[in-house]
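All heavy atoms count here, side chains included; hydrogens, waters and symmetry mates do not. Residue indices begin at 1 and follow the sequence shown.
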Amino acid sequence: MASAMAAAAAADEDGSPRETKQGGFKTMPFILANEICDRFATAGFNANLITYLTQQLHLPLVEASNLLTNFNGTAAFTPVLGAIVADSCAGRFWTIAGGGALYQLGMLGLVAAALAPALRPAPCAAAAAPPCQRASGGQLAMLYLSLLLTALGGGGIRPCVVAFGADQFGRRGRRPGGEQKWSYFNLYFFSMGLAVLLALTVVVYIQENVGWGWGFGIPAIAMFLSVLSFVVGYPLYVKVKPEGSPFKRLLQVVVAAFRKRKEDVPEDAGLLYHNKELDAPIAADGKLLHTDQLRQEYHCDFLVELFLDRAAVLTTGDVADSGEPHLWRVSTVHRVEELKSIVRMLPLWAASITLIAAASHNFTFAIQQARTMDRHLTPSFQIPPATMIIFTTLTMLVSLALYDRAFVPLARRCTGRRSGITYFQRMGAGFAVSVLGVMAGALVETRRRGVAAEHGLLDSPAAVVPISVFWLVPQYALHGMSDALSTVGHMEFLYDQSPESMRSSAAALFWVAGSLGNYLGTVLVTVVQSASRGVWLQDNINRGRLDYYYWLVTFLLVLNLVYYIACFHFYTLKTFEVDVGDEARRPHDGGGEQGGERMAEPCLGQVGASGDDVGTVCDGEKHIR
């Protein structure tokens, strides 16, 4: 195995194999098996963690909800660290493998806490006895340490595995299957949904009916299989060599621009600093072209004209006698445009934060709703409350399948786009459906609380309200449909519009949005708890007004949708040169259509809003691949 790994590394250090022996669909079983096991493990212990915190560690509902939301936020922020490590020095393969090992340690800690009586409080006594004993500081410390290790491990896996999978299809379709990269994202999220579905049905049932030792032990075994399956496929992988920290390059642009804040920017962009050889390792897709899009879109005159572009103004002393530039004094146009690309993406990226904050209650308050409702399928079998999330997963899987096999071919006939619609339209549709999902939750909670009042159960939080738990299915299903649209579209957008050397970092932005969304969810719950003086959100949700909270979230999502539409209206796609002939020409204005390149002709590339193709203009004419 070691010799095979060494040979594979030597053959493909730059991500462009001499022959097509590596990459392609033959790597998918290993990559997807790794991620399926990982997601199974993650979902298996995450989905029902609110129950473990409240019933095993005896934490109050609001405290447990905030702890879980904060953990999810931290776990979603650590991908930034993983992306820095992957893009700077370790590469995606070793970052994924190391993250899996850390995650494994965290899972083993949770298993130990569930099995060892000293690591959890004593079970509650009879109803007439004093309140249940809360977990001690030491017991909570063990929990926090285990959760921290899983968060750090996930930080190594999450930002890299999607980009690593896309790497196997090559840049610009030069490797077999490259033209199907857009479909890979659907396949990826579909596979993840299957793993979550299995976890919600099997693991949650075991946690509720067998015990938490096995309930955490099975995900721990799955994580071990995840790491093992991924490492076994090493000889087959395309491994793109890291080209140094992209964050360092971005910082160099800012520092160089600040040093030259008093310099004038020439009107002719051709007078700015270009260095094709220097940028070659980070510009295999093509060199990014100078643009004033930021100024045109957001009127940030100071940001563009008086700041960022100044980094590319060439002055005395910027380049050594040997021809090597001092990168803390001058940056190439390509590197300046990398930073501009990220800045342009941020407003649209931020729109997903509110969506994630709104969805965070599916793993907390919605489970508590289900716990109070009639969950019987048969007189002797009840659905575990956390298993209700299965309807979100099922709907997401069905939506992805229908989207890929039915909607895309139909939409392709109307739009001419290989992906049917753009990822911008896909994200917007997901945002709209999420509004309906929370609205359905508000209506169902009003109905559930009304039934509780009719039967005199407002002061009986442990009683079963005589209303079927399947009333919750519409809100779970709508959230699943929203995920199938917005989540996949969001990842496509980040991967496609980010600079190619920052794909892991762009994937990290996906998880950072999740982090900020979960933290925003905590802030929202805390503010509502304080403003309502504890009336809206209570341990006894029959007395609380959870429906008011849902209506508040619905209003926020409507505002978020309006914000997204406004940002989409002003967004302009990134533009780059495609060096397929002797010399690439300057771009024509406009573009954004799907297309491809006509070989042996100089072309302008503009990444289309479809997430599947690169638009090019050759001799003033657009060409479709």
Side-chain angles (χ1 to χ4, degrees), residues 12-16 83-84 86-92 163 167 170-172 174 239-260 263 265-266 268-292 304 307-344 497-506 574-587 602-607 614:
D12 193 27
E13 274 295 302
D14 63 351
S16 300
I84 293 174
D87 285 339
S88 302
C89 56
R92 292 177 187 132
D167 287 343
R171 298 187 179 101
R172 298 184 52 73
R174 292 183 296 189
K239 294 169 285 294
V240 177
K241 182 180 178 181
E243 297 295 341
S245 172
F247 296 99
K248 179 180 178 181
R249 290 198 303 275
L250 299 183
L251 181 60
Q252 287 173 334
V253 172
V254 174
V255 171
F258 181 78
R259 285 181 169 180
K260 297 177 180 178
E263 298 289 338
V265 178
D268 183 3
L271 298 177
L272 297 174
Y273 182 58
H274 299 264
N275 191 324
K276 186 175 181 180
E277 182 178 352
L278 177 67
D279 292 333
I282 59 173
D285 276 354
K287 185 181 70 174
L288 293 173
L289 296 170
H290 178 266
T291 175
D292 289 338
V304 178
F307 193 68
L308 292 182
D309 281 348
R310 297 181 185 279
V313 175
L314 199 59
T315 59
T316 304
D318 287 345
V319 180
D321 294 337
S322 63
E324 290 292 325
H326 300 298
L327 294 179
W328 292 99
R329 292 177 55 90
V330 65
S331 294
T332 64
V333 169
H334 177 85
R335 295 175 183 229
V336 172
E337 291 300 320
E338 281 188 323
L339 180 53
K340 288 185 184 179
S341 295
I342 296 297
V343 173
R344 280 199 302 269
Q497 290 294 299
S498 63
E500 66 181 87
S501 63
M502 299 183 66
R503 295 257 163 88
S504 294
S505 301
K574 72 176 182 181
T575 309
F576 56 87
E577 284 182 336
V578 181
D579 192 8
V580 296
D582 295 331
E583 184 181 271
R585 290 205 303 254
R586 296 289 303 166
C603 300
L604 148 77
Q606 187 170 41
V607 176
V614 177

Here the gap from Leu327 atom CG to Arg249 atom CZ, rounded to the nearest 0.5 Å, amounts to 10.0 Å
State, with a plain yes or no, whether a side-chain heavy atom of Leu272 is found less than 4.5 Å away from one of Leu314.
no
If you take all heavy atoms of Ala311 and Val253, which pair is closest and at what distance?
CB-O, 3.4 Å
Sequence neighbours left out, what pairs pass side chain to side chain donor-acceptor pair (under 3.5 Å) with at least one residue falling in residues 322-331?
Asp318-Arg329
Any residue meeting side chain to side chain contact (heavy atoms under 4.5 Å, CB included) with Thr332, in chain and number order, not counting sequence neighbours
Tyr273, Asn275, Leu278, Asp279, His334, Arg335
Are Val330 and Thr315 side-chain neighbours, meaning at least one heavy-atom pair lies under 4.5 Å?
no
I'd like to know if Asp309 and Lys260 make a salt bridge, using a cut-off of under 4.0 Å between side-chain N and carboxylate O.
no
